[in-house]
Amino acid sequence: MLFAALTWQVAEHGPLRTLDERLGRTLAAAGDIPSGLAEFFADLGNTVVALPVLLAVMVWTGWRGRQRWQQWQQWQRECEGEQRGAEAADGPAPVRWWLPPLAAGLALAAVPALVVPLKLWLARPGPPQMADGAHDGFYPSGHGATAAVAYGVAALLLTRGRMRGQMRMRIGNCNSNSSSSNSNNNGARSGAPAAAVTVALTASAALLNTGVGIGLVRRGYHWPLDILGSWCLAGVLLAVWCAVCDRWSGDGGRAVRQEACDGAGPDRTCP
């Protein structure tokens, strides 16, 4: 809804667009932010920078996901007795460890497929610093959307991997022969660092994208609404990525919790 409202204001030359261009000129002329620092952050939205970062995270999380899947399969083979043979055949869907990294790459590939037609349709002129550019069409910002999707989905890949790893470990503790008090202590000790890492990754991605947006406006490459519109578009892509992974990766919380309850027994409760 916000993206539709912003696009309508840009297309119809609404009052919000007038305020946006006034604010953009003010920020571009401000000397509070060094131009070198602004240029550095603006360059982080370039595909030649964002794509290698995402590829590295995709390879790492894919490798770790395959490792966790193999460990989980081994644990299942060790823990399943003959009496659970029939139940294992009707268990949850197999883990598609390759789906989250693949979907992340497709999400980034979707950015130009969505941004370029919108730019051509709206043909919004750029800031005065871009007056000598070869084309119009600055809404939404391709650099802003690229950075938001690349760094955002990279953070989601890393946090998702840690969350799934912690859940698998808790299930293993729950179904092992160790005492329930030891399992709870292990879960508490491992849960706190995982939560801290998740918060740190989320905050880092948010701050990084904020820096990219400010840098693009400060250098006069885009208007503020161009950046805000690109963030809205990126938010849709990230939401689709989360929905796809939760629905089809086979490693969703529902399947994991079901396995935990199936193996816990009548006198055990799993997280």
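Predicted, not measured: the structure shown is a model, and the values here were computed from it.
The hydrophobic cluster containing Val57 also contains Leu55, counting ILVMFWY residues as joined when their side-chain heavy atoms lie under 4.5 angstrom apart, directly or transitively. Placement of Leu23 and Leu225 within a single hydrophobic cluster is found when ILVMFWY residues are connected by side-chain heavy-atom separations under 4.5 Å, directly or transitively. Transitive grouping of hydrophobic side chains (ILVMFWY, heavy atoms separated by less than 4.5 Å) keeps Leu19 and Leu228 in distinct clusters. Put simply, Val10 and Trp121 are part of the same group of oily side chains (I, L, V, M, F, W, Y) that touch within less than 4.5 Å, one to the next. Leu122 and Phe138 end up in the same hydrophobic cluster when Ile, Leu, Val, Met, Phe, Trp and Tyr side chains are linked at under 4.5 Å.
Side-chain contact between Gln129 and Tyr221: absent, with no pair of heavy atoms (C-beta onward) separated by less than 4.5 Å. Within the 4.5 Å cutoff, the side chain of Phe41 has no heavy atoms near those of the Thr210 side chain.
In terms of heavy atoms, Trp241 sits closest to Pro100 at NE1-O, 3.0 Å. Looking at every heavy atom in both residues, Trp248 comes nearest to Arg96 through O-NH1, 2.6 Å. Across all their heavy atoms, Leu238 and Val149 have their closest contact at CD2-O, 4.1 Å. When all heavy atoms of Leu208 and Leu44 are compared, the closest pair comes out as CD1-CD1, 3.4 Å. Closest approach of Pro101 to Met58, counting heavy atoms only: O-CE, 3.2 Å. Nearest heavy atoms, Ala104 versus Leu54: O-CD2, 3.9 Å.
Rounded to the nearest 0.5 Å, atoms OG (Ser204) and CG (Leu158) are 10.5 Å apart. The CG atom of Leu6 sits 5.5 Å away from atom SG of Cys232, with the distance rounded to the nearest 0.5 Å. Between atom CG of residue Leu99 and atom CG of residue Asp246 there is a gap of 10.0 Å, rounded to the nearest 0.5 Å. Between Leu37 atom CG and Ile214 atom CD1 the span is 9.5 Å, to the nearest 0.5 Å.
With sequence neighbours excluded, the residues that form a side chain to side chain donor-acceptor pair (under 3.5 Å) with Arg17 are His13, Glu21. Residues passing the side chain to side chain contact (heavy atoms under 4.5 Å, CB included) test with Pro128, sequence neighbours excluded: Arg25, Trp223. When the ring-ring contact (aromatic ring centres under 6.0 Å, His included) test is applied to Trp60, the partners found at least two apart in sequence or on another chain are Trp63. Take Val53 and apply the side chain to side chain contact (heavy atoms under 4.5 Å, CB included) test, not counting sequence neighbours, and it matches Tyr151. Under the rule for a side chain to side chain donor-acceptor pair (under 3.5 Å), the partners of Asp20 that lie at least two apart in sequence or sit in another chain are Arg124.
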N/O donor-acceptor pairs under 3.5 Å from side chains in residues 139-148, not counting sequence neighbours:
from, atom 1, to, atom 2, distance (Å)
Tyr139, OH, Thr7, N, 3.3
Tyr139, OH, Thr7, OG1, 3.0
Ser141, OG, His143, N, 3.4
Ser141, OG, Gly144, N, 2.9
Ser141, OG, His222, NE2, 3.3
Thr146, OG1, Gly142, O, 2.7

Please tabulate, one pair per line, all N/O donor-acceptor pairs under 3.5 Å involving side-chain atoms of residues 106-118, not counting sequence neighbours.
none

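Counting only residues at least two apart or in different chains, salt bridge (charged side-chain N to carboxylate O under 4.0 Å, His left out) contacts with residues 2-11 are absent. Among residues at least two apart or in separate chains, there is no salt bridge (charged side-chain N to carboxylate O under 4.0 Å, His left out) pair with a member in residues 53-67. For residues 195-213, the set of pairs meeting the salt bridge (charged side-chain N to carboxylate O under 4.0 Å, His left out) definition, not counting sequence neighbours, is empty. Within the structure, the salt bridge (charged side-chain N to carboxylate O under 4.0 Å, His left out) test picks out the following pairs touching residues 209-219 (sequence neighbours left out): Glu39-Arg219.
Side-chain contacts under 4.5 Å among hydrophobic residues (ILVMFWY), followed directly or transitively, place Val59 with no other residue at all.
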Check: Taking it one step at a time, do Asp226 and Lys119 satisfy salt bridge (Lys or Arg N to Asp or Glu O under 4.0 Å)?
Finding: CA-CA 10 Å; Asp226 301 345; Lys119 285 187 172 184; over 6 Å; no
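Each of Ile33, Val212, Ile227 was scored for a side-chain contact (heavy atoms from CB on, under 4.5 Å) with Val217, with one residue passing: Ile227.
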